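Report on one structure; see the data block that follows.
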Protein chains: 2
Amino acid sequence: MTRAQRAVLAALAHDDTFRSAQDIHAQLRDSDSAVGLTSVYRALQSLVEARVVDVVRTSSGELTYRRCGSDEHHHHLVCTGCGATVEVEAPAIERWVAEVATEHGYVVASHTLEVTGTCRSCAEM
Amino acid sequence: MTRAQRAVLAALAHDDTFRSAQDIHAQLRDSDSAVGLTSVYRALQSLVEARVVDVVRTSSGELTYRRCGSDEHHHHLVCTGCGATVEVEAPAIERWVAEVATEHGYVVASHTLEVTGTCRSCAEM
DNA sequence: TTATCTGCAAACATTTTGCAGCGAG
DNA sequence: CTCGCTGCAAAATGTTTGCAGATAA
């Protein structure tokens, strides 16, 4: 594990919402463990490959990252207010996807399911 | 409806796979109804707003467009080989999303579900 | 030393915007 | 004349790459 990877992981440990690479880089810039933007991107790529962090593309096309809890396949429930995230496993969905695909003669390669909404505490405001 | 919108729609009528804006622009460039890239983007934006075309972001971040069949909320089954697309409605998924969200105290704002795989004819090759 | 990591600057790709000209009503 | 449509060129954005120097095994 490289210095950049350690720094990025530390930044992600901070909270568990999805953060952009630029965001992480900015946070690190002013800390004692500053890392170049390039290295942040490279570290994130490795960490995603190692399944240590999840990556989700926002609706505006930006990639965002988050330390992930399990290396099982899972989906996310993301609060648009505060960024809080719940990881959910969804065997029913996996089954449904396979079924519908077969029904149309498709062999599934991959699928994505992301849900955004407002969490309880943000809804109260 | 503007000239650009008509041209883009005509290009999309050609086949019913998801195409990038650049792709559509290139196709039109050599036709008798050439349109500037800017106008292609602007036309696509309007058409998406009018729910005449669907938009899906590829895993590489590119936006792709396709004439869409219904203005009901639906999901896609996209063949990675030939781009063939099936629109599927999924009441079961909608229900599941709402349920899981409620369970975690979330109010759903939106969700995306895209499935990619190989269609029958591409699998045979 | 040899391989790997780092980070600046530059390249890249896609999409958006500023603005002047054009054309329809 | 006026207003919206057009499209070039330039900006903006987010990400990746080339490369030379730093670092570590």
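Note on naming: letters A, B, ... go to the chains in the order of the sequence lines (proteins, then strands), and numbering restarts at 1 for each one. Note that the coordinates shown come from a computational prediction; the quantities given were computed from them, not determined experimentally.
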Check: What one-letter contact string describes nucleotides 6-19 of chain D from 5' to 3', where B marks a base within less than 4.0 Å of any protein heavy atom, S marks contact via sugar-phosphate atoms alone, and - marks no contact?
Finding: BBBB----SBBB--
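For B:R66, the side chain to side chain donor-acceptor pair (under 3.5 Å) partners two or more places apart in sequence, or in a different chain, are B:E87. A:S31 is linked by a side-chain contact (heavy atoms from CB on, under 4.5 Å) to A:L28, A:S33, counting only residues two or more places apart in sequence or in another chain. Take B:Q22 and apply the side chain to side chain donor-acceptor pair (under 3.5 Å) test, not counting sequence neighbours, and it matches B:Y41. By the side-chain contact (heavy atoms from CB on, under 4.5 Å) test, A:S46 pairs with A:Q5, sequence neighbours left out.
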Donor-acceptor pairs are to be reported for all side-chain atoms of residues 92-101 of chain B against protein atoms at under 3.5 Å, with residues two or more places apart or in another chain.
residue	atom	partner	partner atom	Å
B:E94	OE1	B:H111	NE2	3.0
B:E94	OE2	B:H75	NE2	3.1

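As rounded to whole Å, 13 Å separates atom P of C:dT6 from atom CG of A:L44.
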